[in-house]
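Note sheet for the following structure.
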Amino acid sequence: MDKLLLGVQSQTIDLCSFDLVPSFVNISYYFHYSNDANEPSFMSIENLRESFYLTLLDFPILLGRLEIDGSGHAKVVVDKNNLNIPEFKESLSNMHFRDLQASGFSWDALPEGANTVGAVTTADSSGDIKPASAHIVRLLDNSGIVLFVSVAHYAVDGIGYCEFVNRWAEICRWIRTGHLVNELPACHCSFERRTILDKLPDDRKALDDPTRELITGTGPLVRWLAWISPKTR
């Protein structure tokens, strides 16, 4: 956590209109890991926590607060003196990994409370939307863990979600194998939405009528949705 607090910089990341379309949903997945070697320190919480916070340095958009004006323009504001720290927690379960595996890793068989957030982004008790959440559920007899990771869709798309999880895994593995943190290979992630627009070709296929109407149409409902905050939807 200390490296995170010292390394993050204040910044404002402008979002585009397409970010607001899925702004009310989270991208969430479960990951399952079996402790086949019966390691006492299997996926230690210290390693997972340290690597999680180091990963956030590469994804500052997950440390900010979503702000939207009355016209629907949105931005994520990162204040290094008042970070919106994502949720990170660990819990214990009386379920064994083999029982979860026997169920085919069915969502219905998951330990109760494994998902710390739902499908819809909602504000917490502080009034803020947490842009990310990680929950490590350690299974019976240290037989394995269930890892739940959720990221707000306004911050990243599916590719960005996978980049975040893979970067976390990379840093976790780097630390676990005894490498120095200050020698960690750099991550080159950009959250500048304009980059995508600048790379689009000038010659584009014409929009069909329903899509054009969806994007350019207006009305009382559209104006109301643009005005209302995702925190209160």
Side-chain angles (χ1 to χ4, degrees), residues 1-15 19 22-31 43-68 74-92 113-138 145-157 160-172 174-176 181-182 184 186-187 189-192 229-233:
M1 176 68 86
D2 290 341
K3 292 184 177 66
L4 171 63
L5 297 177
L6 292 173
V8 69
Q9 298 298 318
S10 296
Q11 56 190 289
T12 297
I13 302 171
D14 290 319
L15 303 182
D19 291 316
S23 65
F24 58 90
V25 297
N26 294 312
I27 304 175
S28 304
Y29 285 96
Y30 295 96
F31 303 88
M43 298 186 72
S44 72
I45 190 62
E46 294 79 15
N47 191 358
L48 288 169
R49 182 186 291 109
E50 180 181 6
S51 54
F52 178 75
Y53 289 132
L54 287 173
T55 304
L56 290 172
L57 279 174
D58 296 322
F59 290 79
I61 195 170
L62 301 181
L63 292 166
R65 289 174 170 80
L66 178 65
E67 295 186 5
I68 301 179
K75 59 186 176 182
V76 173
V77 178
V78 182
D79 180 356
K80 67 177 183 179
N81 297 314
N82 186 24
L83 297 175
N84 188 14
I85 302 292
E87 180 182 43
F88 181 93
K89 64 179 294 187
E90 181 189 34
S91 65
L92 302 176
N115 59 316
T116 50
V117 297
V120 178
T121 55
T122 56
D124 62 10
S125 57
S126 68
D128 291 316
I129 293 174
K130 289 299 181 185
S133 177
H135 183 197
I136 295 91
V137 182
R138 204 160 293 277
I145 70 168
V146 174
L147 173 61
F148 173 78
V149 182
S150 181
V151 178
H153 205 334
Y154 68 78
V156 298
D157 59 7
Y161 175 95
C162 292
E163 287 291 335
F164 174 74
V165 174
N166 287 335
R167 180 61 171 172
W168 184 9
E170 178 187 9
I171 296 177
C172 187
W174 184 268
I175 295 173
R176 182 175 58 83
V181 171
N182 57 8
L184 185 70
C187 174
C189 296
S190 173
F191 302 96
E192 174 53 64
S229 167
K231 299 178 182 180
T232 56
R233 283 180 183 171

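Throughout, residue positions are numbered sequentially from 1 according to the sequence presented.
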Between Ile45 and Arg138 the two heavy atoms that sit nearest each other are N-NH2, 3.8 Å
Looking only at heavy atoms, the pair that brings Cys189 and Asp58 closest together is CB-O, 4.0 Å
In this structure, CD of Glu67 is separated from CD1 of Ile13 (nearest 0.5 Å) by 12.0 Å
Do Arg65 and Asn82 touch side chain to side chain, with heavy atoms closer than 4.5 Å?
-> yes
task: Without swapping roles, check the side chain of Asp124 against the backbone of Gly127 for a donor-acceptor pair under 3.5 Å.
output: yes
So do Phe148 and Thr116 actually touch side chain to side chain, heavy atoms under 4.5 Å? yes
Exercise. Does some side-chain heavy atom of Pro86 sit less than 4.5 Å from a side-chain heavy atom of Leu56?
Worked result: yes
- Task: Fit a plane to each ring of Tyr161 and Tyr29, take the angle between them on a 0 to 90° scale, and name the class: parallel (under 30°), tilted (30 to 60°) or perpendicular (over 60°).
- Result: tilted
Is any side-chain heavy atom of Leu15 closer than 4.5 Å to one of Ile61? yes
Determine yes or no for a side-chain-to-main-chain donor-acceptor pair under 3.5 angstrom, with Asp157 supplying the side chain and Gly160 the backbone.
yes
Of all heavy-atom pairs linking Leu66 and Ala74, the shortest is CD1-CB, 4.2 Å
Trp168 and Thr55 have their tightest heavy-atom pair at CA-OG1, 3.2 Å
| What's the verdict on side chain to side chain contact (heavy atoms under 4.5 Å, CB included) for Ile136 and Phe88, showing C-alpha distance, side-chain angles and the deciding distance? | CA-CA 8 Å; Ile136 295 91; Phe88 181 93; 3.5 Å; yes
Flag side-chain contact, heavy atom, 4.5 Å: Arg167 against Leu184 = yes
Rounded to the nearest 0.5 angstrom, the CD1-NE2 distance for Ile27 and His153 is 4.0 Å
| said: Leu147 vs Met43, test: side chain to side chain contact (heavy atoms under 4.5 Å, CB included). Steps then yes/no. | reply: CA-CA 11 Å; Leu147 173 61; Met43 298 186 72; 5.6 Å; no
- Task: Please check if the side chain of Thr121 supplies one atom and the backbone of Asn26 the other of a donor-acceptor pair under 3.5 Å.
- Result: no
Between Pro131 and Gly64 the two heavy atoms that sit nearest each other are CG-O, 4.1 Å
Rounded to the nearest 0.5 angstrom, the CG-CD distance for Leu48 and Glu90 is 8.0 Å
Output for pair (Lys89 NZ, Ser133 OG), nearest 0.5 Å, gives 8.0 Å
* To do: Please tell me if the side chains of Gln9 and Pro60 come closer than 4.5 Å, counting only heavy atoms from C-beta onward.
  => no
For Phe31 and Val165, what are the C-alpha separation, side-chain angles and deciding distance, and is it a side chain to side chain contact (heavy atoms under 4.5 Å, CB included)?
CA-CA 10 Å; Phe31 303 88; Val165 174; 4.1 Å; yes
So do Ile85 and Leu63 actually touch side chain to side chain, heavy atoms under 4.5 Å?
yes
Separation between CD (Glu50) and OG (Ser44), nearest 0.5 Å, reads 9.0 Å
* To do: Report yes or no: does Asp128 contribute a side-chain atom to a donor-acceptor pair with the main-chain N or O of Lys130 at less than 3.5 Å?
  => no
Taking every heavy atom of Ser91 against every heavy atom of His135, the minimum-distance pair comes out as OG-NE2, 2.7 Å
In this structure, CD of Glu170 is separated from CG of Leu54 (nearest 0.5 Å) by 11.5 Å
Just so I know, are the side chains of Phe164 and Val156 near enough to count as touching, which here means a heavy-atom distance under 4.5 Å? no
